[in-house]
There are 2 protein chains.
Amino acid sequence: MNIGKAAKLSNLTIKTVRYYANIGLVKPEQNISSGYREYTDEEVAKLKFIGKARKFDFSIDECKELLSLYEDKNRTSKEVKKITLEKISQIDSKLNDLKDLRNELSFLASNCHGDDKPNCPILDELSKN
Amino acid sequence: MNIGKAAKLSNLTIKTVRYYANIGLVKPEQNISSGYREYTDEEVAKLKFIGKARKFDFSIDECKELLSLYEDKNRTSKEVKKITLEKISQIDSKLNDLKDLRNELSFLASNCHGDDKPNCPILDELSKN
DNA sequence: CTTTACTCTACCCTGAGGGGAAAGTATATA
DNA sequence: TATATACTTTCCCCTCAGGGTAGAGTAAAG
């Protein structure tokens with residue numbers, strides 16, 4: 001099938017699918033005379049796989065790794081779990097940073113009257129040495 | 001003072017300070033004969049202000065807005081609080097997304113034995129239609 | 001045969017700078 | 001004074017994961 005159908009079936013944009021072909025992530029055959037990319041069902045399955053992994057916040061490089069594990073029938077579940085646990089700990093540290101940030105900002109906001117006077121503890125904090 | 005000292009005092013890199021000059025965020029005078037940027041204490045204060053705001057996850061555009069409020073002695077605290085509350089709600093929605101993601105991933109990981117066998121619920125989930 | 005739909009490559013754009021080259025300027029030392 | 005070292009300048013390419021558009025070619029439908 002052509003790229004439009006492959007994109008539709010995998011719920012990705014054509015741009016994204018073409019990008020994955022260019023970086024060698026999912027590289028379909030190209031029709032010699034027309035130059036059109038021709039996707040197989042298996043390649044569409046890989047595109048779907050990548051789409052899901054991307055939603056789980058895996059980077060393209062991590063997707064590449066997961067994809068090669070997915071294709072390797074002899075891989076161990078240990079390898080996959082390791083990548084997943086690393087991703088979870090990345091998410092945890094981002095969560096902590098964001099929580100700290102939220103606390104500081106909401107502390108500032110709660111101290112600010114938010115009225116028509118110029119006095120503003122938020123700007124005061126940002127101006128502090 | 002020159003850019004090196006300004007960068008040091010504001011805890012920013014020279015690249016960053018130069019970038020802020022280029023985009024017109026903090027634009028110092030430039031010595032005509034040498035071409036060197038010459039920073040005043042007030043400009044360094046602005047750089048510090050921006051550095052803090054950036055740590056609070058404000059974008060460059062938001063910093064620009066905050067900076068103009070900071071410079072406007074007639075601004076109301078209402079305006080500043082509004083921006084801050086918007087930022088907090090942005091952070092909240094990012095927090096929710098990340099929490100959902102974490103839950104799904106940790107559910108997958110907990111169902112994966114992580115042993116030397118190829119069977120892996122994580123890849124199964126990613127391959128699902 | 002023409003219109004419409006689809007696809008191709010090639011180029012520039014995003015945010016917030018980082019890295020490095022080549023050249024000019026300022027300061028410290030011999 | 002000459003040189004060595006430190007500092008600064010502009011310019012260009014790079015990041016990440018594609019998005020947008022242009023111009024041209026191809027396929028399918030009427």
Side-chain angles (χ1 to χ4, degrees), chain A residues 1-40 43-44 46-67 87 90-91 94 97 101, chain B residues 1-40 43-44 46-67 87 90-91 94 97 101:
Chain A
M1 74 192 81
N2 287 342
I3 196 170
K5 193 171 175 196
K8 186 149 288 176
L9 288 179
S10 58
N11 283 313
L12 299 174
T13 68
I14 291 185
K15 268 289 184 185
T16 298
V17 175
R18 204 172 275 141
Y19 174 67
Y20 292 168
N22 286 336
I23 63 174
L25 194 51
V26 176
K27 221 175 165 53
E29 294 292 315
Q30 249 173 314
N31 184 301
I32 298 174
S33 65
S34 70
Y36 284 19
R37 293 177 179 83
E38 295 177 341
Y39 287 85
T40 63
E43 282 158 345
V44 170
K46 287 186 196 174
L47 288 173
K48 284 186 193 171
F49 178 93
I50 295 165
K52 280 214 169 190
R54 293 284 301 132
K55 280 194 188 154
F56 281 115
D57 216 33
F58 289 102
S59 72
I60 293 286
D61 269 355
E62 289 165 334
C63 286
K64 202 172 287 190
E65 206 173 349
L66 287 171
L67 195 58
K87 176 55 61 180
Q90 282 174 29
I91 293 176
K94 210 187 286 183
D97 290 350
L101 201 56
Chain B
M1 74 192 80
N2 288 342
I3 197 169
K5 194 172 176 196
K8 187 149 289 178
L9 288 179
S10 57
N11 283 314
L12 299 174
T13 68
I14 291 184
K15 271 286 184 184
T16 298
V17 175
R18 204 173 275 139
Y19 174 68
Y20 292 167
N22 287 336
I23 63 173
L25 194 52
V26 176
K27 220 175 166 55
E29 294 290 315
Q30 249 172 314
N31 185 301
I32 297 174
S33 66
S34 71
Y36 283 19
R37 294 178 178 82
E38 294 177 342
Y39 286 84
T40 64
E43 282 158 344
V44 170
K46 286 186 197 176
L47 289 173
K48 284 186 195 172
F49 178 92
I50 296 165
K52 280 214 170 191
R54 293 284 301 131
K55 279 192 187 157
F56 281 115
D57 216 33
F58 288 103
S59 72
I60 293 285
D61 270 355
E62 287 165 333
C63 286
K64 202 172 286 190
E65 206 173 349
L66 286 171
L67 195 59
K87 176 56 61 182
Q90 281 173 32
I91 292 175
K94 209 186 287 183
D97 290 351
L101 201 56

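Reminder, nothing fancy here: chain letters follow the sequence lines and each chain counts from 1.
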Kindly give the atom pairs (protein nitrogen or oxygen, nucleotide nitrogen or oxygen) under 3.5 Å for nucleotides 3-6 of chain D.
none

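Side-chain contact between A/Y39 and A/L9 is absent, with no heavy atoms from C-beta onward closer than 4.5 Å. Residues B/M1 and B/V44 have side chains in contact (heavy-atom distance under 4.5 Å, counting atoms from C-beta outward).
Interatomic distance, OG of A/S34 versus CG of A/N2, reported as 7.5 Å (0.5 Å rounding). For the atom pair CD1 of B/I50 and CD1 of B/I60, the computed distance is 7.0 Å after rounding to the nearest 0.5 Å.
What separates CD1 of A/I3 from P of C/dT9 is a distance of 9 Å, to the nearest Å. The nearest whole Å value for the distance from the CE atom in A/M1 to the P atom in D/dA28 is 15 Å. Spacing between atom NZ of A/K5 and atom C1' of C/dT7 amounts to 16 Å, rounded to whole angstrom units. Put simply, CD on B/E38 is 17 Å from P on D/dC7, counting in whole angstrom units. One can place CG of A/N2 at 19 Å from P of D/dG25, the figure rounded to the nearest angstrom. When the P atom of C/dG15 is taken as reference, atom NZ of B/K64 falls 11 Å away, rounded to whole Å.
The environment of A/E29 atom CD is sparse: at most 12 non-hydrogen atoms of other residues, nucleotides or ligands sit within 6.0 angstrom.
For the pair A/F58 and A/C63, the tightest heavy-atom approach, listed with the atom from each and the gap, is O-SG, 4.0 Å. When all heavy atoms of A/V26 and A/L67 are compared, the closest pair comes out as CG2-CD2, 4.5 Å. Closest approach of B/E38 to B/E43, counting heavy atoms only: O-OE1, 3.7 Å. A/R37 approaches A/A21 most closely through the heavy-atom pair NE-CB, 3.7 Å. The heavy-atom pair separating B/I14 from B/G4 by the smallest distance is CD1-CA, 4.0 Å. Between B/L12 and B/L47 the shortest heavy-atom distance is CD1-O, 3.8 Å.
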Problem set entry | Annotated protein contacts, base or backbone, on nucleotides 16-21 of chain C with a non-hydrogen cut-off under 4.0 Å, one of B, S, - each | BBSBB-

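Look at B/R37 and you'll find a side-chain N or O under 4.0 angstrom from OP1 or OP2 of D/dT9.
Among residues at least two apart or in separate chains, salt bridge (charged side-chain N to carboxylate O under 4.0 Å, His left out) pairs with a member in residues 53-62 of chain B are B/D57-B/K94, B/E62-B/K87. Listed by first and then second residue, the side-chain hydrogen bond (donor to acceptor under 3.5 Å, both in side chains) pairs that reach into residues 14-27 of chain B are B/T13-B/T16, sequence neighbours excluded.
With axes fitted over five pairs at each extremity, the angle between the ends of the helix from C/dC1-D/dG30 to C/dA30-D/dT1 is 30° (10° resolution).
The stretch residues 24-34 of chain A comes close to DNA chain D through A/S34, each having a heavy atom under 4.0 Å from the strand.
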